[in-house]
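Residue indices begin at 1 and follow the sequence shown.
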Amino acid sequence: MSRIIRIRNTEDAVAVIAAHTTRVIAAAGHPGHGLEAVGQIITSDTVLRTIRTAYSRRIAQGATPKDAVTAVGQSLIAHYCNSAGI
């Protein structure tokens with residue numbers, strides 16, 4: 001199923017990346033990594049700043065908003081899982 005998500009600016013992209021990343025990680029069902037726990041980490045100021053910086057960098061390098069959202073989201077999921085040992 002496809003969804004249409006409008007990304008008008010960096011803040012829209014940050015919100016989309018944070019929300020989708022949180023849902024994907026929580027959906028894996030690892031103990032201690034439910035929606036609330038993951039959401040609390042992903043929406044911390046530090047992580048949101050990191051998302052914003054990574055997205056802006058991808059856009060500056062010529063990526064489309066869709067490609068930048070996908071790449072940053074994948075990277076964030078991988079980093080979270082590695083850091084959490086899952």
Do you know which two heavy atoms are closest between Val69 and Ala13, and how far apart they sit?
CG2-CB, 4.2 Å
Could you give the distance from NE2 (His20) to CD1 (Ile25), rounded to the nearest 0.5 Å?
13.0 Å
How long is the gap from OG1 on Thr21 to CD1 on Ile41, to the nearest 0.5 Å?
12.5 Å
In sequence, state the C-alpha distance, the side-chain angles, and the governing distance for Asp67 and Thr70, and then conclude on side-chain hydrogen bond (donor to acceptor under 3.5 Å, both in side chains).
CA-CA 5 Å; Asp67 290 342; Thr70 300; 5.4 Å; no
Note: Ser56 and Thr10 closest approach over all heavy atoms is OG-CG2, 3.9 Å
Which is it for Tyr55 and Ile7 under the side chain to side chain contact (heavy atoms under 4.5 Å, CB included) test, yes or no, and what are the steps along the way?
CA-CA 12 Å; Tyr55 176 81; Ile7 298 175; 3.8 Å; yes
Measure the OG1-CD distance between Thr22 and Gln40 for me, rounded to the nearest 0.5 Å.
11.0 Å
What are the two closest heavy atoms between Ala26 and Gly34, and how far apart are they?
CB-C, 3.7 Å
same_hphob_cluster(Val38, Leu35) at 4.5 Å side-chain heavy-atom cutoff
no
Mind checking the CG-CD1 spacing from Leu48 to Ile42? Nearest 0.5 Å is all I need.
8.5 Å
Check for a donor-acceptor pair, side chain of Ser75 on one end and backbone N or O of Ala71 on the other, with a separation under 3.5 Å.
no
Just verifying a value: how many Å separate Ile17 CD1 and Ile77 CD1, rounded to the nearest 0.5 Å?
10.5 Å
Of the non-hydrogen atoms in Gly32 and Ala37, which two are nearest, and what is the gap between them?
O-CB, 3.6 Å
Got a second to check how far Cys81's SG is from His33's NE2, nearest 0.5 Å?
8.5 Å
Considering non-hydrogen atoms only, spot the tightest contact between Ile86 and His30 and give its length.
CD1-CD2, 3.8 Å
